[in-house]
Amino acid sequence: MPLDAPVREILEDTNFAYVATIRKDGTPHVVPVWVHTDGENVLLNSSEGRVWPANLERDPRITITVANKENPYEYVEVRGRVAEKTHEGAKEHIDELAKKYLGADEYPYLQPGEQRIKYVIAPEKVKLYGRG
C-alpha cells in the first residue's frame, strides 16, 4: 500500500514514533522510537532483548503513531503487521536513523555485542489526522 505524500512527509521528518505492541497479559506497551519509510512500509529498528520486539515475536500486530513536531494535533496512525524482521542491514539502518535524528554518521549508543534488528511494517490501515 503506497503511503500518501502527507503521510510520508510526517514519517520522513525527525518526528518520533510511538510504537504500541501487546504484552503477554494483553495490556498495551507503548514506547517512542525513531522511524522512517521506504514509501510503502514503515521502517523501525531496535535491539535484541527489548520488550517491544519480544512482543512482536508473540503477536506481529503493531500500531505506530507519529505526531508532527511542529503541530502535534497533526499525526499519522499506522496499523499493521511485521512483514520482515532482519539482522541483515540493521546496523546500517540504525546509522541512517542516527544521521536523520542526530546528524551523526554512526549510531553513537551501540553497545558491545548488541544485535540490531530492522523491522519492515506493512500498513493495513493508515489515517492522517489534523490536516485540513
Side-chain angles (χ1 to χ4, degrees):
M1 160 193 285
L3 300 170
D4 293 339
V7 169
R8 287 193 318 271
E9 184 181 306
I10 290 174
L11 294 174
E12 291 170 353
D13 201 349
T14 55
N15 300 307
F16 284 84
Y18 291 86
V19 166
T21 57
I22 303 166
R23 297 176 202 224
K24 271 187 208 177
D25 67 2
T27 60
H29 176 75
V30 181
V31 294
V33 301
W34 292 344
V35 64
H36 201 61
T37 181
D38 62 8
E40 277 191 39
N41 303 293
V42 177
L43 308 177
L44 305 172
N45 196 296
S46 191
S47 185
E48 289 288 353
R50 292 194 177 154
V51 173
W52 71 266
N55 291 342
L56 287 177
E57 286 295 316
R58 262 192 330 282
D59 187 333
R61 295 176 297 168
I62 187 169
T63 297
I64 304 160
T65 304
V66 184
N68 178 345
K69 67 183 183 295
E70 302 299 326
N71 174 12
Y73 296 105
E74 179 182 82
Y75 63 95
V76 172
E77 180 189 68
V78 178
R79 290 189 219 164
R81 292 177 184 271
V82 174
E84 182 183 354
K85 169 198 167 190
T86 184
H87 297 290
E88 189 175 319
K91 165 67 169 85
E92 293 78 9
H93 182 243
I94 195 63
D95 288 342
E96 289 173 28
L97 289 169
K99 184 72 163 178
K100 173 182 172 179
Y101 283 91
L102 302 175
D105 290 332
E106 288 190 340
Y107 180 64
Y109 309 115
L110 193 65
Q111 301 298 307
E114 182 177 354
Q115 183 69 31
R116 300 302 303 187
I117 313 163
K118 179 180 177 182
Y119 286 94
V120 177
I121 307 301
E124 295 175 349
K125 183 174 182 177
V126 178
K127 179 92 170 133
L128 175 64
Y129 296 90
R131 190 174 278 194

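These figures come from a predicted structure and were not determined experimentally.
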Novice: Look up atom CG in Leu102 and atom CG in Leu97, then write down how far apart they are to the nearest 0.5 Å.
Specialist: 9.5 Å
Novice: Answer yes or no: is there a donor N or O on one side and an acceptor on the other, between the side chain of Asp38 and the main chain of Asn41, under 3.5 Å?
Specialist: yes
Novice: Would you say Val19 ends up clustered with Val51 if hydrophobic residues are merged whenever their side chains have heavy atoms under 4.5 Å apart, either directly or through other cluster members?
Specialist: no
Novice: Do the side-chain N and O atoms of Asn55 and His29 include a donor-acceptor pair separated by under 3.5 angstrom?
Specialist: no
Novice: Verify, without hydrogens or angle tests, whether Arg8 (side chain) and Leu3 (backbone) share a donor-acceptor contact under 3.5 angstrom.
Specialist: yes
Novice: Locate the shortest heavy-atom distance separating Glu114 from Arg116; write the atom from each residue and the value.
Specialist: OE2-NH1, 2.6 Å
Novice: Please determine whether side-chain contact (heavy atoms from CB on, under 4.5 Å) holds for the pair Lys85 and Leu56, giving the CA-CA distance in whole Å, both sets of side-chain angles, and the decisive distance to 0.1 Å.
Specialist: CA-CA 10 Å; Lys85 169 198 167 190; Leu56 287 177; over 6 Å; no
Novice: Flag the pair Arg131 and Glu74 as a salt bridge only when some basic side-chain nitrogen lies within less than 4.0 angstrom of an acidic carboxylate oxygen.
Specialist: yes
Novice: Between atom OH of Tyr109 and atom OG of Ser47, what is the distance when rounded to the nearest 0.5 Å?
Specialist: 15.0 Å
Novice: If you compare all heavy atoms of Trp52 against all heavy atoms of Ser46, which two are closest, and at what distance to 0.1 Å?
Specialist: CZ2-CB, 3.3 Å
Novice: Measure the acute angle between the ring planes of Tyr101 and Trp34, then classify it against the limits of 30° and 60° as parallel, tilted or perpendicular.
Specialist: parallel
Novice: Is a side-chain N or O of Asn45 found less than 3.5 angstrom from the main chain of Lys118, in a donor-acceptor match?
Specialist: no
Novice: Shared ILVMFWY cluster between Val33 and Ile94, side chains joined below 4.5 angstrom?
Specialist: yes
Novice: State, to 0.1 Å, how close Lys69 and Asn15 come at their nearest heavy-atom pair, and which atoms those are.
Specialist: N-OD1, 2.7 Å
Novice: Would you check if the side chain of Lys100 reaches a backbone N or O of Val35 as a donor-acceptor pair within less than 3.5 Å?
Specialist: yes
Novice: Is any side-chain heavy atom of Leu44 closer than 4.5 Å to one of Ile62?
Specialist: yes
Novice: Run the side-chain contact (heavy atoms from CB on, under 4.5 Å) test on His87 and Gln115 for me, step by step, so that the C-alpha distance in whole Å, both residues' side-chain angles and the decisive distance to 0.1 Å come before the verdict.
Specialist: CA-CA 7 Å; His87 297 290; Gln115 183 69 31; 2.9 Å; yes
Novice: Mark yes or no for whether His36, through its side chain, and Val42, through its backbone, hold a donor-acceptor pair below 3.5 Å.
Specialist: no
Novice: Is it true that Leu128 and Ile64 fall in one hydrophobic cluster, defined by side-chain heavy atoms closer than 4.5 Å?
Specialist: yes
Novice: Can you tell me how far apart CD (Glu96) and NZ (Lys91) are? Round to the nearest 0.5 Å.
Specialist: 11.0 Å
Novice: Between Asp95 and Lys99, is the closest basic N to carboxylate O distance under 4.0 Å?
Specialist: no
Novice: Taking all non-hydrogen atoms of both residues into account, name the closest pair between Ala122 and Ala83 and its distance.
Specialist: CB-CB, 3.9 Å
Novice: Are any of the side-chain nitrogens in Arg23 or Asp25 under 4.0 Å away from the carboxylate oxygens of its partner?
Specialist: no
Novice: Closer than 3.5 angstrom, by distance alone: can the side chain of Arg61 be matched with the main-chain N or O of Thr21 as a donor-acceptor pair?
Specialist: no
Novice: Say whether Tyr18 and Leu43 are linked into one hydrophobic cluster, either directly or through other cluster members, by side-chain heavy-atom distances under 4.5 angstrom.
Specialist: no
Novice: Would you say Asn68 and Asn71 are linked by a side-chain donor-acceptor pair, where the criterion is simply a distance under 3.5 Å?
Specialist: no
Novice: Count the heavy atoms of every other residue, nucleotide or ligand shown that sit under 6.0 Å from OH of Tyr129, and state whether that count exceeds 12.
Specialist: yes
Novice: Under 4.5 Å between side-chain heavy atoms, counting indirect links through other Ile/Leu/Val/Met/Phe/Trp/Tyr residues: same cluster for Leu11 and Phe16 or not?
Specialist: yes
Novice: Checking the side chain of Glu12 only, and the main-chain atoms of Ile10 only, is there a donor and an acceptor separated by less than 3.5 Å?
Specialist: no
Novice: Could you tell me whether a side-chain N or O of Arg58 sits under 3.5 Å from a main-chain N or O of Ile22, the two making a donor and an acceptor?
Specialist: yes
Novice: Just so I know, are the side chains of Ile121 and Val82 near enough to count as touching, which here means a heavy-atom distance under 4.5 Å?
Specialist: yes
Novice: What heavy-atom pair brings Pro53 and Tyr119 nearest, and what distance separates the two atoms?
Specialist: CB-OH, 3.1 Å
